[in-house]
Amino acid sequence: MSLRFIAALWLAKLSIPVLKITGHNGTDYPGSLAIRICPDFFQKIGKPETIIGVTGTNGKTTCANMLCDAFEAAGKKVLCNRYGSNIDTGLSTCLLKGATLTGKAKFDTAVLEIDERSAVKVFPTITPKYMCVTNLFRDSIMRNGHPDYIAGILDANIPPETKLILNGDDLISGRIALSNERAYYGIEKQPTDVTECENLLNDMRICPICGSKLIYDYRRYHHIGKAHCSKCDFKSPEYDYSGHDIDTEKNTIMIRDKDGDFEYHISNDSMFNIYNTCLVVALFRELGYKGEELGKIMESVKIPDTRFNVQKSGSISVVTQLAKDKNALAVSRATDYVRKMPGHKKMFLLISCYKDERHWSENTCWLYDCDFEMMNDPLMDQLIVTGPRAPDFYMRLLFAGIPEEKIFYELDERKAAAEFDLKKDDTVYIFCGIDAFDLVDDCRKIILKRAEDEGL
Amino acid sequence: MKIEILFPEVCNLYAELQNIEYLRRCDPSIEIIHTDLKSRPAFLDGGIKLVYVGTTTEKGQELVIESLKPYRDEILKAIEDGQFMLLTGNASEMFGKTIKCEDGNDIEGLGILPTYAVRDMMHRYNTLWIGQYHFDDGSKEDVVGFKSQFTQCCFEEGAGYDDEYKPLFVAERGEGLHPGIKEEGIRWHNLYMTYLLGPLFIVNPLFTHTFLEQIGAENTEIAYKEASMRSFLKRCKEFREPDRGFTY
Ligand SMILES: [Zn+2]
């Protein structure tokens, strides 16, 4: 142990209570401080023997949290980067918190959420025993380019000895690091599946072997589903953990594997989260947990439903729908969800990339990858476009075929909330990113107050 | 009027195909034809007014080159005979001489344009862009867009902008074809290429109108004109604000 390393470790550890007192809990500061003092700190810090990595475009935080909860329910203490970030400085922070004063790992197992683009920095140092991948979709054009690029990064950096837990219904993430050992989870054909793509984003259209058209036997959304090549014998992988018979009344799913068919609890019925359940089950079964035992563990794994949160005033409901800016997939999943909700509705768009707005201007391509066409629906009564990107949203909604008279345009968000047509029994869906919570809160309050004042 | 989209199954990043959908919204008489990687491009047999290729992945670029290679000479002849062609984002790289890669495994392009591209997969180049389209009579109109790419494009040694290879746009703020120059894109015969994304037509109502006139569309009035102009003018104003970050 070098003196420099010990100094870095102790100073970084000391900074944790200081940050707590000053209200900066959960930042990457300790890790980046340690790396500044000792540049190879990340390499030198003790690491748990079993590391379980979680990555992917969507759902990696949820999955990592579910895995931690499941370990806890199984009575096992594991190290998690739940409150830190998922890049090298955040992982260093997590590892140093989980280390003794001499830098040895206190835990034998860690669950680490890893940012898919940080693979280059993370994997030379960390060799996960298992790497769980949720999916790969288009994300921010500026940072992520395209999913094939991210797949390439993972491909080139995941250590050969890591076993992969992959989504067998995703032919992009499912084909990374092909020479690594792997297990696939997936969900069998569902009554709501389609074969032709209903979404604008559809990134797996041709056979990765021969380039001919892929035919989907069933498709859940976007490129998620089971496909085969129209020319050669390429097809989606067989599932090792095959989800079927989803029961949304009982909140259960059956997952079949080589040892039998077992029932597991699902804590919410969004397909995205059912995939997350399958991932967790696949990993725990790989770790040797028995089906029946795991069934019990899964009962206490709760998925915080961050998709929406409902507040009511009189007959008015305001639903806050998380739809990450610049992520066409996230917004498209949200529009799909809202279109399937019963009753008349209104959509209040607060996804103007406020963070970018201060110094930069958002690359708006993603708006045209988003399924706003799904909001061109007789039950969608009014769409409120507001904020700095309102002119772009207005144009996008017209392009989606939405009649002009249904669009309410007002640059000022709070004014928009105060002035759009609010009628008795309205359900207002506020679409928001993660960088405008205060604004969302204000707008929601204004709408709820109107319900009260206007006697709705 | 028929517009042929080449390889929509792979050349579809960043909502690029909406460029052509927007042209059709302007001129509903436009008929769009899709040609896949396994088929012979329809324009080689005539009857297609405009051929469009949009941004694709690095793998996609190789597939496109492989698909078009057998027709390379016919494509060149069609362009020299005045075929309208629009290449946006990294689409023009397949028509250039080479795509130079970090690992030394350079990719040979179709060699139709006297250009090459240099890939740097670890550094994504992101920038806002504002500049102008110059008409033959000396007048200009504003053009805005975004660049988000892993490559930079250059002319081959001995080639450059001249009377034959004209810049499509000239930057006011932001870089041209590659950092250090102001000329953006190339117009050669009726081939138009640019790295600007947006999608280009949707964020540029003025240039869309110009382009529709140039290809001889039946209707050159732009669709959703008021909305599109409002968003365009706001963007022009924003991109001219001196303290707005531009490249990152
Ligand atoms: Zn095939």
Side-chain angles (χ1 to χ4, degrees), chain A residues 117 120 138 140-153 156 172 200-208 210-214 230-231 328 356-370 385 388-401 404 407 409 411, chain B residues 7-10 12-19 21-22 25 36-38 55-60 63 66-67 89 121-122 124-128 144-150 197-200 202-203 205 223-224 226-235 238-239 241 243-248:
Chain A
R117 286 166 315 133
V120 186
R138 288 189 201 187
S140 153
I141 163 173
M142 297 202 296
R143 298 189 313 136
N144 290 46
H146 52 78
D148 205 38
Y149 165 64
I150 303 294
I153 292 179
I172 300 179
L200 287 169
L201 280 190
N202 176 14
D203 275 322
M204 199 68 204
R205 305 189 204 197
I206 59 166
C207 169
C210 76
S212 302
K213 189 176 188 265
L214 277 182
S230 57
K231 283 271 153 59
D356 287 359
E357 189 55 30
R358 271 167 256 149
H359 310 291
W360 176 254
S361 191
E362 171 198 348
N363 182 332
T364 47
C365 298
W366 73 279
L367 294 181
Y368 289 84
D369 267 341
C370 264
V385 294
R389 297 264 65 86
D392 294 333
F393 278 105
Y394 189 90
M395 173 68 185
R396 176 66 185 97
L397 295 181
L398 289 182
F399 194 84
E404 229 172 314
I407 311 173
Y409 174 89
L411 288 175
Chain B
F7 321 132
E9 69 271 44
V10 288
N12 59 26
L13 289 181
Y14 318 140
E16 291 270 75
L17 300 184
Q18 306 278 31
N19 272 315
E21 182 54 30
Y22 188 52
R25 300 288 175 90
D36 67 31
L37 287 161
K38 302 284 173 189
T55 302
T56 183
T57 63
E58 291 63 38
K59 257 180 230 155
L63 293 172
E66 194 185 301
S67 173
M121 294 304 288
M122 288 323 289
R124 194 157 175 84
Y125 174 73
N126 290 302
T127 177
L128 311 179
V144 291
F146 306 89
K147 290 190 184 188
S148 194
Q149 60 204 54
F150 291 116
L197 309 173
L200 177 71
I202 293 178
V203 298
Y224 323 113
E226 214 178 302
S228 156
M229 281 305 290
R230 175 163 65 188
S231 128
F232 169 69
L233 292 173
K234 184 172 192 284
R235 190 163 286 117
E238 280 178 7
F239 285 17
E241 285 165 8
D243 54 354
R244 196 166 280 271
F246 227 71
T247 303
Y248 116 151

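All chains are named by letter (A, B, ...) in the order of the sequence lines, taking the proteins before the strands, and each is independently numbered beginning at 1. Side chains are part of it too, since the values below use all heavy atoms of this structure and drop only hydrogens, waters and symmetry mates.
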Top of B:Met121, B:Arg235, B:Glu58, B:Lys147 for chain A proximity - count of heavy-atom pairs under 4.5 angstrom: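 Among B:Met121, B:Arg235, B:Glu58, B:Lys147, the one with the most close pairs to chain A is B:Arg235.
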Option in B:Ser228, B:Ser67, B:Ala223 with maximal non-hydrogen atom pairs under 4.5 Å from chain A: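 The residue among B:Ser228, B:Ser67, B:Ala223 with the greatest pair count is B:Ser228.
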Close aromatic pair by centroid cut-off 6.0 Å: B:Phe146 and B:Tyr14: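 Not close enough - the centres of the two rings lie 6.0 Å or further apart.
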Using non-hydrogen atoms and a 4.5 Å limit, figure out which bit of [X] sits close to chain B: side chain, backbone, both or neither.
X        : value
A:Asp392 : both
A:Arg138 : side chain
A:Ile141 : both
A:Ile206 : side chain
A:Tyr409 : side chain

Residues, nucleotides or ligands: over 12 heavy atoms within 6.0 Å of B:Glu226 CD: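 Counting neighbours around CD of B:Glu226, 12 or fewer heavy atoms of other residues, nucleotides or ligands fall under 6.0 Å, so no.
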What part of [X] is in contact with chain A, defined as an atom under 4.5 angstrom from a non-hydrogen atom: side chain, backbone, both or neither?
X        : value
B:Leu37  : side chain
B:Tyr22  : both
B:Ser148 : side chain

Side-chain ion pair, A:Arg389 and B:Glu238, N-O less than 4.0 Å: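 Yes, A:Arg389 and B:Glu238 are salt-bridged.
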Shortest non-hydrogen contact between B:Pro205 and B:Met229, atoms and distance: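 Between these two residues, the closest heavy atoms are CG-SD, 3.4 Å.
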Nearest heavy atoms of A:Leu200 and A:Asp369, plus distance in Å: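 Minimum heavy-atom separation between A:Leu200 and A:Asp369: CB-O, 3.5 Å.
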Side-chain (A:Ser230) to main-chain (A:Lys213) donor-acceptor, under 3.5 angstrom: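 Confirmed, A:Ser230 side chain pairs with A:Lys213 backbone.
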NZ or CZ of B:Arg25 within 45° of B:Tyr224 ring axis and under 6.0 Å: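 B:Arg25 over B:Tyr224 ring: no.
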